[in-house]
Every structure is written in structure tokens, then in C-alpha cells.
Amino acid sequence: MDNHVMGFMVYLLLLLGSIFEVSVVKCAKSKGSSDSGTTFDVTKFGAIGNGKTDDAKAFTSAWEAACNKGLATSMVTVPSGKTFLISAIKFAGPCKSRSITFEILGSIVALPKQAWGKRDDDGDAWILFHQVQGLSVVGNGKGVFDGHGASWWPHVSLYDRASFALRFSHCNNLRVSGLKHMNSQKNHISINGCNHANISNLHITAPGTSPNTDGIDISSSTSLFIQDCVMATGDDCIAINGGTSDVKISRITCGPGHGISIGSLGKNGKHEEVEGIHVENCTFIKTQNGVRIKSWQGGAGFAKNIIFSNINFESADNPIIIDQYYCPHKTCDTKVGAVKVSGVKYIGLRGTTVAKDATIDLKCSKTVPCTDIEFSDINIKSVGGHAGNAIAKCTNAHGTARSCTPPVHCVQT
Ligand SMILES: *[C@@H]1O[C@H](CO)[C@@H](O)[C@H](O)[C@H]1NC(C)=O
Ligand SMILES: *[C@@H]1O[C@H](CO)[C@@H](O)[C@H](O)[C@H]1NC(C)=O
């Protein structure tokens, strides 16, 4: 077939497609039920929702119907008042529909360890959304993702957990809002390779002692808003990893947990870049750390233009940390080079700490020092009998300090 004929046929198909789409929308409207053509209820696809039968197949069918319908917008809905047991599942795009809303009003529960079976290596998640553009996963504050983690936590060294309960991979223009996430096997939510995301009003909980149950992990993503979330978990509330830029985080209540972390960056000599991070108006309650930047020795790249402002600590341990000698093992080899940390502002950080060592602890690389580190309006008081240690310590960290309790003279060298 010659190119002109081919081009004309493609045009004809597109034209037919758009006429068909218009008529479907009109038809749905004229029936008077506003959503009949665009809403895909999982129970209409065979989901039972008794908490015992695996409903994954029905969810996949509802998803495929919504994804392939080719409507401007379509919705998958998980109704309230039911508990849907779901084995590892992948909601794959690209979709023909221009935007898809996944509405979660009921509970979605994972299989416990003894019934989990082979782990899903495809994305290493319990629930994976992959390459879906214009996706909204939303609830009214009552919908739940329950990872059934307690059956895994005592055996972490023996069993390979799914790394993430809910993972968004390469989903641009993403919205996640109004949901509860609890007791994931390992991390709760992953945002990977997603540009333009708005994450809000999430409630993420797991016991403070549950291993590696991060709230939200971000990697290789740009232009994100994360706001109005409550997170109480056994590890980082939010972790920002390599390849991430332009992230605004605000109004997060964190604790128990390990605080908000950038890194760890530069593991195994890796080159990683993080820039343009603003963490604002957050509260840390009894967290193991507050705001932390951590990198391995021997890495490369940078973490720059980072602002922590208007942060409140309530009995937080280690409120402010930069650690370029991150070493979660017993010992790490001494290496030359590091991820360069620069342009970090701490503005208006207040409250109380139970730190036994330093309140502000900046351990920067000997070969790649931290530069342009700015402190202003800091007032963090010791409580719990360690008042004598309410100090700032710096190695290889350079910048300015204004109105700081404890004083941060050590950075002005
Ligand atoms: C993000 O979504 C929330 C809730 O839907 C909304 O209130 C907020 O304005 C959005 N933020 C941005 C920056 O779009
Ligand atoms: C943070 O709090 C300040 C002071 O209350 C307010 O002016 C600012 O708009 C807030 N920003 C966000 C993103 O919540």
C-alpha cells in the first residue's frame, strides 16, 4: 500500500473513532444516568468483596474495560461496605481513555504471607499502575489499602516481601487523594518515573516497630505536590531518591517514623541528582529523625536547592541531619568522592528534641564538603533529660547561621 493511501485510511479510522466516541457519550447522557457508559463497578465484573475470595481477576477485567473503552474519561469504582481480597495485580497502560479515575470507597486487602505464593516480580509491588497517563486514584477518606503486613514483619530476613504496596510507575499527571493505607509488607507507596503528580489527604499507618514500612518513596520524578497527609509508620514518612526534582511537600504530620529523608544517595558509587525540594509546614512527633539528607561515601552527583521551612518538632530525635557517611551496615569502606550537598536552607524550625547527641548534626564529606548551608530562625529545645547536649556539630559544612538556638557557629567557617 502506498503511503498516501495508508495515511488516508488512518485518517478515516481516526475520524470514525471520534464520531463513535461522541455518539457513545451522547447516548450515555441521553439515557439520563450520568455515568452509565463510563463507570465500571468491579462488582459488575465478578468481584465478590467477601474478604475471602481473590477478586484480582474481576479488578483486572474492570480495569481493562475502563482502559480500553476509548472514552475521554472513565471510572473504575470499588464500592463501599465490602472488603476485596486481591493478590498481586498490575493495572497497565497506556489506555485509550484520556483519563481514568480509580475510585476506592471500600477496603482492598492483600493476601497474608501464607497465601501469597510466588511474588510478583513485575514491578515488585502488590498493586502496580504502569504507564497510565491522567490517572486519579481517589477516595472519600474511607477507602483502605491494607497490606496485611503483620504476617511478614517477624520474618523479614526469611521472606522476600513485595517492596511496595502501591506503586505508580511512569504515570504522568497523577492524582492520589483521600485514601487510607495501612500495614504494608514493606513500603506503602512508590512514585517512580512520574511527572506532575498531586498526592493529598492520605492517612498512612503501620506500627512504629514494623520494619521498612516507608510512607511514600519517590524516585526519578519531577513536579510533585504532596500535602495534607498523616503518616505514622516504622520507617521514613517520605523518602526522596535519585532523579527527583521540583517537589513541594507541605502540611505533613509524621510520627512515629524516621522523618522525611533525601536519600540515601550514591550507593555503590552511583551518580544521583536531586534538586528543588521544598518541605514546608510539617510536624514531626516522636520521630527517630526529623529532616535528613543521607548519602554513601564514594557516590557522585548532587543534592541541591533544598528548603526546609516552618517545621515543628515534638520530642523528635535527631531533628536536623546531613550524613554523607551513611552506613546502615556495621562498617563501610572509606571512599573518596560524594554526592555534593549545597544550597540547603533551614528556616523556622522549632520545637523540642530528645536527642542524646547533637540536635543539629552535619557530617559532610571530607573530599566533597557541603556548601551554602543556611540556618535562620531555629529554636529547638531539649527535653527528656539531655539538655546538656542541645548542640550543633559540623564537619566539612559551610554556610551561614542567624537566630539559632542552639547556636550553629560551626557552619560559619
Ligand atoms: C492537589 O489536590 C488537592 C485535592 O484534590 C487540591 O485541593 C489541591 O489544590 C491540589 N494542589 C495542586 C497544587 O494542584
Ligand atoms: C505555610 O504556612 C505559612 C504560615 O502559616 C503560610 O503562609 C503558607 O501559605 C503555608 N504554605 C503551605 C504550602 O501550606
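Atoms within each ligand, like the ligands themselves, are counted from 1 in listed order.
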Can you tell me how the ring of W296 sits relative to the ring of H329, calling it parallel under 30°, perpendicular over 60° and tilted otherwise?
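Ring orientation, 0 to 90° scale: tilted.
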Could you label the plane-to-plane angle of the Y346 and F308 rings as parallel, tilted or perpendicular, counting under 30° as parallel and over 60° as perpendicular?
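Parallel, since the angle between the ring planes stays under 30°.
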Taking the six-membered ring for Trp, is the centroid-to-centroid distance between F59 and F45 below 6.0 Å?
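No - the distance between ring centres of F59 and F45 does not fall below the 6.0 Å cut-off.
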Looking at the rings of H130 and W63, which for Trp means the six-membered one, are their centres under 6.0 Å apart?
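They do not qualify: ring centres at least 6.0 Å apart.
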Atoms of ligand 1 close to [X] [distance to a heavy atom under 4.0 angstrom, numbered from 1]:
X    : value
R175 : 5 (O)
N198 : 1 (C), 2 (O), 3 (C), 8 (C), 10 (C), 11 (N), 12 (C), 14 (O)
S200 : 2 (O), 3 (C), 4 (C)

Between the main-chain N or O of [Y] and the side-chain N or O of [X], is there a donor-acceptor pair closer than 3.5 Å?
X    : Y    : value
N318 : Q288 : yes
S184 : H181 : no
T213 : G234 : yes

Regarding ligand 1, does N201 bring an N or O atom to under 3.5 Å of one of the ligand's N or O atoms?
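Between N201 and ligand 1 (N or O atoms, distance only) the closest approach is not under 3.5 Å.
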Tabulate distances under 3.5 Å between N/O atoms of ligand 2 and N/O atoms of the protein, writing both atom names on each line.
| unit_1 | atom_1 | unit_2 | atom_2 | d |
| --- | --- | --- | --- | --- |
| ligand 2 | 2 (O) | N281 | OD1 | 3.1 |
| ligand 2 | 2 (O) | N281 | ND2 | 2.3 |
| ligand 2 | 11 (N) | N281 | ND2 | 3.0 |
| ligand 2 | 14 (O) | R251 | NH1 | 2.6 |
| ligand 2 | 14 (O) | N281 | ND2 | 3.0 |

Carboxylate-amine/guanidinium contact D361 K363, below 4.0 Å
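Answer for the salt bridge query: yes.
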